[in-house]
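One is the number of the first residue; the rest follow in order along the sequence. Just so it is clear, the structure is predicted and the values come from calculations on it, not from any experiment.
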Amino acid sequence: MRYEETEKLTEGQFLRLAGVKKAVFGKMLAVLQAAHALKKARGGRPNKLSVENTLMAAPECLREYRAYFHI
């Protein structure tokens with residue numbers, strides 16, 4: 001599920017999907033965006049997935065143990 005689609009979910013549904021609350025996910029996203037900005041400050045090719053979607057895919061993989069093909 002893309003990050004944009006999760007904004008419509010309730011707190012309980014988001015917790016079931018990601019395994020963390022929305023507030024915790026927001027803090028994780030802030031840390032990851034800061035690290036991403038430092039990494040891309042030197043330049044480089046842009047990522048295919050946004051930082052939000054990359055972070056959204058990680059807990060889904062860990063919780064459901066899906067193959068990368070399904071993501």
Side-chain angles (χ1 to χ4, degrees):
M1 179 175 278
R2 294 197 174 269
Y3 177 70
E4 295 82 20
E5 298 169 357
T6 62
E7 294 175 355
K8 297 178 272 186
L9 298 177
T10 64
E11 183 72 34
Q13 291 172 332
F14 188 85
L15 182 63
R16 278 184 58 197
L17 177 68
V20 294
K21 294 182 179 181
K22 285 185 179 183
V24 174
F25 188 84
K27 291 178 184 179
M28 291 167 49
L29 184 59
V31 170
L32 191 59
Q33 284 175 333
H36 180 64
L38 286 174
K39 180 181 177 184
K40 294 295 180 177
R42 295 180 287 166
R45 190 170 74 180
N47 295 346
K48 292 185 180 189
L49 283 178
S50 67
V51 177
E52 294 88 359
N53 288 328
T54 304
L55 182 59
M56 194 71 230
E60 286 182 14
C61 288
L62 293 174
R63 287 182 59 80
E64 299 175 10
Y65 197 67
R66 297 188 301 178
Y68 194 74
F69 175 77
H70 295 112
I71 297 170

Please list, one pair per line, the donor and acceptor atoms closer than 3.5 Å that link side chains of residues 34-44 to other protein atoms, with sequence neighbours excluded.
| from | atom 1 | to | atom 2 | distance (Å) |
| --- | --- | --- | --- | --- |
| K40 | NZ | R45 | O | 2.6 |
| K40 | NZ | N47 | OD1 | 3.3 |

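- Minimum interatomic distance between P59 and A18 (heavy atoms only, all atoms of both residues): CB-O, 3.1 Å.
- K22 is not listed as a side-chain neighbour of T6, based on a closest heavy-atom distance of 4.5 Å or more.
- The aromatic rings of F14 and F25 sit perpendicular, their planes meeting at an angle over 60°, well past the 30° parallel limit.
- Legend: residues meeting side-chain contact (heavy atoms from CB on, under 4.5 Å) with R16, ordered by chain and number and at least two apart, are absent.
- To the nearest 0.5 angstrom, L55 atom CG is 6.0 Å from L29 atom CG.
- Atom CZ of R2 sits about 11.5 Å away from atom CD of E52, to the nearest 0.5 Å.
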